[in-house]
A.B. asks: 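Could you have a look at this structure, given as structure tokens, before my questions?
Atoms within a ligand are numbered from 1 in the order they appear, just like the ligands themselves. These figures come from a predicted structure and were not determined experimentally.
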Amino acid sequence: MKKKCAFHVLGCKVNQNEVEALKNIFRKEGYVVVPFHEKADVYVIHTCTVTHISDRKSRQFIRKAIKNNPEAVVAVTGCYAQVSPHEIAKIPGVDIIIGTKDRHRIVQLVEEVKEKNEILNLVDESKFYKEFEELPLANPDRARAFLKVQEGCDRYCTYCIIPYARGPVRSRDPESTITEVKKLVSQGYLEVVLTGIHTALYGKDFADEDVDLSWLIERLAKIDGLKRLRVSSIDPDDFTPRLLKVMTENPVVCPHFHIPLQSGDDRILKKMGRRYTTADYESLVEEIKKRKPGAAITTDIMVGFPGEDEEKFTNSYKFVEKMPFSDLHVFKYSKRQGTPAAKMKDQVEPAVKNERSEKLIKLAEGKFSHYAANFLGCWKEVLVERKLENGYWEGHTDNYLPVQFSAHGDADLGCQLVNVCLKKVEGKKIIGKI
Ligand code: 5AD
């Protein structure tokens, strides 16, 4: 009988990618991966700490694992583990705490902890982390491959806990990255998504100044057989002229730009420690739209940062309203212990944050349908990710429109690029036909 392990992941794309790598590490050691609600010998909870809600959810899933099988080894990994190991150690039943390092040792630690009767806590201070930890290649999604090329952040925005959780900037070796992408392409992947904690800082830790994100994109875009290269998220001040050029002129690079705005009020941006103004943001978006008119621009926006009164929120709302966003990710500011914003006066009431968040979520729906309407009646290539239970196929266009479509016959369209005629918008997706 093979030993069973089960996983639950919270948070960002990097976490999603890392948990797949953890699964592979266990598989290599002879384990079989089972669903989280089943009885397993080992549970891994890969946590997130970006807001207090992430912390709470992380704790809930730790408790769930312990309840599913009190005899199992329970390992807690990721950002919440890194920042709050002592909180986690207080939960009876937790056996292993690993932060954002030493993850490749996880199976060995599971064996070790069985012999002992105490918690193994491997978290030490993230600022001492120096090397990029290459985890095994892992992708659950057969259509798109997510590739983590960068770790850590040194920006220290005043609201953000992530630099403390992930440590300093480290980048994946460029040659190993190129080899990895070639391997992904030879396995049949048509799209590669470059991810990182602050992806645009790629190469900042290299001696060779020329090797940065734009260099990497240029090299990867030349790989034969790679049809789409997507870049996950880039801050407005990270767009160098060279990066703007490679991202708008290279046909392999998807016309999709996720550019976190955080607030549309300059005084709040300053208090957040962001390094741009709304005017800078606006001219960047204009420049992108000039070079790539149909490009999708998406953003992260936060409500309820300390000092955001009605007037500042209205400014922010109006700025978002006038920008040509195709989608918004709305966050309610959450106080994070140890960050400068946690000590700021004028914290905003939760009820006010809820109300503002709802307003922006509503705005996001309108923004999506407005943008999507430009493509109705057009044929667009969709990279098919899966078949749904209702018989429809589902995937994304290069500009990240989620499309569901019907097709005649029973050919397997999975992982293929298919030409689809876009017919109508339904909520936050498009219905099409081939
Ligand atoms: N509270 C709420 N949202 C946050 N984010 C980062 N820190 C916080 C916080 N303390 C959001 C930002 C970022 C996204 C990934 O998470 O909007 O872009």
A.B. asks: Hey, which atoms in ligand 1 end up nearer than 4.0 Å to a heavy atom of Thr51?
C.D. replies: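 It comes down to these atoms of ligand 1: 1 (N), 2 (C), 3 (N).
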A.B. asks: Answer yes or no for His329: is there a heavy-atom contact with ligand 1 below 4.0 Å?
C.D. replies: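 False for this residue.
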A.B. asks: Identify, for atom 7 (N) of ligand 1, the protein heavy atom at the shortest distance, and state residue, atom and that distance.
C.D. replies: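 It is Tyr159 CD1, 3.3 Å.
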A.B. asks: Would a line drawn from the ring center of Tyr371 to the ring center of Phe325 be shorter than 6.0 Å?
C.D. replies: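 No: the rings miss the under 6.0 Å criterion.
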A.B. asks: Is the shortest side-chain N to carboxylate O distance from Arg144 to Glu385 below 4.0 Å?
C.D. replies: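 Between Glu385 and Arg144 there is a salt bridge, with a charged N closer than 4.0 Å to a carboxylate O.
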A.B. asks: Go through it in stages, so that I can follow the logic: the residues are Arg242 and Glu218, the test is side chain to side chain contact (heavy atoms under 4.5 Å, CB included), and I'd like the CA-CA distance, side-chain angles, deciding distance and then a yes or no.
C.D. replies: CA-CA 10 Å; Arg242 187 172 164 208; Glu218 269 168 10; 3.6 Å; yes
A.B. asks: Measure from the ring center of Phe61 to the ring center of Tyr43 and say whether it is less than 6.0 Å.
C.D. replies: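 No, they do not, as the ring centres are separated by 6.0 Å or more.
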A.B. asks: Between Ser232 and Gly196, what is the shortest heavy-atom contact and its length?
C.D. replies: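 Residues Ser232 and Gly196, closest heavy atoms: OG-N, 4.2 Å.
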A.B. asks: Short N/O distance, under 3.5 Å, between Ser334 and ligand 1?
C.D. replies: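 Ser334 vs ligand 1: N/O contact under 3.5 Å present.
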A.B. asks: Looking at Lys332, which atoms of ligand 1 are within less than 4.0 Å of one of its heavy atoms?
C.D. replies: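 Answer for ligand 1: 1 (N), 2 (C).
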A.B. asks: Write out all pairs satisfying ring-ring contact (aromatic ring centres under 6.0 Å, His included) with one or both partners inside residues 245-266, taking only residues at least two apart or from two chains.
C.D. replies: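 Listed once each, the pairs are His256-Tyr400, His258-His329.
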A.B. asks: Side chain of Ser171, backbone of Tyr202: donor and acceptor closer than 3.5 Å?
C.D. replies: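 Not a single qualifying donor-acceptor pair exists.
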A.B. asks: Specify the protein heavy atom at minimum distance from atom 4 (C) of ligand 1: its residue, its atom name, and the distance to 0.1 Å.
C.D. replies: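 Sorting protein heavy atoms by distance from atom 4 (C) of ligand 1 puts Met302 CE, 3.8 Å first.
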A.B. asks: With respect to Asp235, which candidate in Arg155, Arg274, Gln262, Arg275 satisfies the side-chain hydrogen bond (donor to acceptor under 3.5 Å, both in side chains) definition?
C.D. replies: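 That would be Arg274.
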A.B. asks: Considering only heavy atoms of Gln262, which atoms of ligand 1 have at least one such atom less than 4.0 Å away?
C.D. replies: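 The list of qualifying atoms is 12 (C), 13 (C), 17 (O), 18 (O).
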A.B. asks: Atoms of ligand 1 less than 4.0 Å from Asp300 heavy atoms?
C.D. replies: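 So the atoms of ligand 1 that pass are 13 (C), 14 (C), 15 (C), 17 (O), 18 (O).
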A.B. asks: Could you tell me whether Arg336 and ligand 1 have an N or O pair separated by under 3.5 Å?
C.D. replies: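 No, since none of the N or O atoms of Arg336 sits under 3.5 Å from an N or O of ligand 1.
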A.B. asks: In the protein, what heavy atom is nearest to atom 8 (C) of ligand 1, and what distance, to one decimal place, separates them?
C.D. replies: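 Looking only at protein heavy atoms, the one closest to atom 8 (C) of ligand 1 is Val50 O, 3.7 Å.
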A.B. asks: Heavy-atom distances under 4.0 Å decide this one: backbone, side chain, both or neither, for Phe331 against ligand 1?
C.D. replies: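 For Phe331, the contact with ligand 1 is made by the side chain alone.
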